[in-house]
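What follows is a single structure, written as structure tokens, with notes after it.
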There are 2 protein chains.
Amino acid sequence: MQTEQIKDAITCFPCLAEITEEDWKENGISVVTLPANHIIHEGEFLESAALIMHGTVRMYKLGENGREVTLYRIHDGGCCPLMASSILGETAYEANVCIEKPTKVLFVPARIFQRWMGTYMSFRQFIFKSFAERLIIMSNLIDNMVFKSIRIRICEYLLERTTEGDNSLTITHDHLAIELGTAREVISRTLKAMEKEGLIHLSRGQITNIQREQLLELVE
Amino acid sequence: MQTEQIKDAITCFPCLAEITEEDWKENGISVVTLPANHIIHEGEFLESAALIMHGTVRMYKLGENGREVTLYRIHDGGCCPLMASSILGETAYEANVCIEKPTKVLFVPARIFQRWMGTYMSFRQFIFKSFAERLIIMSNLIDNMVFKSIRIRICEYLLERTTEGDNSLTITHDHLAIELGTAREVISRTLKAMEKEGLIHLSRGQITNIQREQLLELVE
DNA sequence: CGCTGTTCTGTAACTTGATCACATAACAGT
DNA sequence: ACTGTTATGTGATCAAGTTACAGAACAGCG
């Protein structure tokens with residue numbers, strides 16, 4: 001690792017600030033930029049922890065019929081607990097990973113990762129918070145899937161991805177279906193119905209004229 | 001904490017073996033036996049981590065219509081990551097807890113828990129493994145709920161809870177529905193259909209004569 | 001420009017799962 | 001035996017997932 005890279009890594013992960021020069025010099029630590037659309041399949045083993053410096057990765061599950069559910073995403077400055085757990089628990093991680101944008105990743109070999117966890121309190125706490133955060137995200141996902149109608153879930157998604165100023169969204173029905181873990185046809189039907197009610201306007205690859213206030217009312 | 005209790009705790013959690021006498025003497029560490037059917041509601045704060053020495057607790061989510069989903073259970077020698085995360089992340093944990101049997105719990109105040117995590121490697125690794133394990137369990141739960149039919153999920157549940165020697169199970173339809181996060185009526189209907197096909201035999205509060213081999217074939 | 005292959009959307013028919021509204025049935029305690 | 005409670009069965013109806021297409025919009029190219 002070069003001084004330049006180390007600085008860069010610390011900017012992305014303040015919790016790495018206290019790590020000594022010697023520790024950074026260890027073999028196997030590296031910064032790599034992965035190309036977009038690269039996929040890592042369920043069941044592969046990892047020998048390094050991955051800290052996402054910049055970019056987006058998506059964790060998802062695949063059904064045999066080809067349908068998908070997005071479990072969660074990791075953005076700048078995050079780490080992926082399911083991958084880390086693969087290291088700690090010595091088990092294959094049980095999800096697929098898709099690099100959605102070109103993503104700069106800091107790889108830390110399992111052995112070193114373990115040592116840092118013991119040595120550096122702020123690093124340890126950071127990793128813990130990541131785990132905790134994902135557990136909560138996943139339990140809320142289960143909650144949503146079990147108790148809420150897709151209509152409501154679509155509304156929530158639209159609200160999440162738009163603002164007062166920009167009430168339109170570039171997304172295909174297929175993509176939206178994958179996000180919510182349902183089928184494309186279900187999304188098409190529901191969106192169409194919502195369009196008829198004047199809640200949104202549809203065009204190829206885009207949802208525009210999203211009536212955020214009305215959606216907010218539906219969601220409560 | 002008395003010497004007796006400490007010994008007991010170490011028997012349940014070998015990873016606590018290296019903890020020093022002084023550390024055990026800290027204020028606030030305690031062993032408590034909680035009565036069965038005690039419930040801790042979503043949103044409450046915890047100031048201690050709970051290590052389950054003996055018994056069973058169930059983590060679950062509640063829908064406004066009264067339906068439930070069981071996220072997972074913690075048994076002897078386990079710790080509950082969602083509760084621990086509440087400590088580490090200083091957030092309310094977002095699930096309900098039900099003590100299913102009288103349960104002996106070792107409570108360790110957040111502050112001490114944090115210190116032990118830093119000091120004791122085997123303790124730290126234990127906690128980490130617990131987190132990793134639950135993440136995998138939850139992601140598999142999502143996978144099952146999204147991609148598998150209830151019939152298959154019922155089969156899997158029955159297989160999990162029975163053996164070659166004991167092919168019967170004491171459980172109500174309502175209970176089974178809660179386990180799988182669906183409605184009681186759905187379970188009743190599906191079980192009835194399975195009974196007609198000779199896969200099981202139903203009586204009040206019991207499923208007997210479970211044809212494990214045939215169920216195994218269905219599940220693959 | 002028109003042709004062609006690809007991606008995206010719309011829809012009908014059907015199956016499965018969830019919800020609502022009850023009717024029985026089995027048991028527990030007095 | 002009577003009563004309240006818990007557990008199960010079932011029909012009707014609605015929401016969601018599946019199957020099976022048709023057609024629209026776009027991208028690239030001769």
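Numbers restart at 1 for each chain; the letters A, B, ... are given by sequence-line order, proteins then strands. Please read these numbers as outputs of a predicted model, since none were measured by experiment.
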List for me each residue that meets side-chain hydrogen bond (donor to acceptor under 3.5 Å, both in side chains) alongside [X], sequence neighbours excluded, and say none if there are none.
X        : value
B:Arg189 : none
A:Thr11  : none
A:His201 : A:Thr208

Query raised in the report: Can you tell which of B:Val97, B:Ile178, B:Leu71, B:Asn96 makes a side chain to side chain contact (heavy atoms under 4.5 Å, CB included) with B:Tyr60?
Result: B:Asn96
Report task. Identify, residue by residue, the members of residues 167-183 of chain A with a heavy atom below 4.0 Å from DNA chain C, and return them in order of residue number, or none. Result -> A:Thr172, A:His173
**Report entry** Close approaches to DNA chain C from residues 138-156 of chain B, in residue order (heavy atom, under 4.0 Å)
**Finding:** B:Ser149, B:Ile150
Report task. Not counting sequence neighbours, which residues clear salt bridge (charged side-chain N to carboxylate O under 4.0 Å, His left out) with A:Lys101? List them please. Result -> none
Query raised in the report: Listed by chain and number, what are the salt bridge (charged side-chain N to carboxylate O under 4.0 Å, His left out) partners of A:Arg58, not counting sequence neighbours?
Result: A:Glu68, A:Glu100
Query raised in the report: Which pairs count as salt bridge (Lys or Arg N to Asp or Glu O under 4.0 Å) when at least one residue sits in residues 144-160 of chain A, sequence neighbours excluded?
Result: A:Lys148-A:Glu156, A:Arg151-A:Glu197
Requested in this report: Return each pair, listed once, that meets salt bridge (Lys or Arg N to Asp or Glu O under 4.0 Å) where at least one residue sits in residues 204-220 of chain A; pairs must be two or more places apart or across chains.
Outcome: A:Glu164-A:Arg212
Query raised in the report: In residues 187-200 of chain A, which residues come under 4.0 Å of DNA chain D by heavy atom?
Result: A:Arg189
Query - Geometric cation-pi criterion A:Arg134 and A:Tyr72, 6.0 Å radius, 45° cone - result: yes
Report task. Verify the ring-centre separation between A:Phe123 and A:Phe113: is it less than 6.0 angstrom? Result -> yes
Requested in this report: Flag the pair A:Phe128 / B:Phe128 as yes when their ring centroid distance falls below 6.0 Å, and as no otherwise.
Outcome: yes
Report task. For the pair B:Glu4 and B:Lys7, find out whether any cationic side-chain nitrogen is under 4.0 Å from an anionic carboxylate oxygen. Result -> no
Report summary line: DNA chain D: first to last nucleotide in contact with chain A (atom under 4.0 angstrom from a heavy atom), 5' to 3', is D:dA16 to D:dC26
Query - Nearest atoms (heavy-atom pairs only) where A:Ala95 meets A:Met59 - result: CB-CE, 4.0 Å
Query raised in the report: What's the shortest heavy-atom distance between A:Val146 and B:Gly181, and which atoms?
Result: CG1-O, 3.7 Å
Query raised in the report: For DNA chain D, whose closest nucleotide is more 5', that of A:Asn65 or that of B:Gln206?
Result: B:Gln206
Query raised in the report: If the sugar-phosphate is the primed atoms plus P, OP1 and OP2 and the base is the rest, what is the B/S/- string for nucleotides 22-30 of chain C, using protein heavy atoms under 4.0 Å?
Result: ---BBS---
Query raised in the report: Side chains of B:Met53 and B:Val105: closer than 4.5 Å at any heavy-atom pair?
Result: no
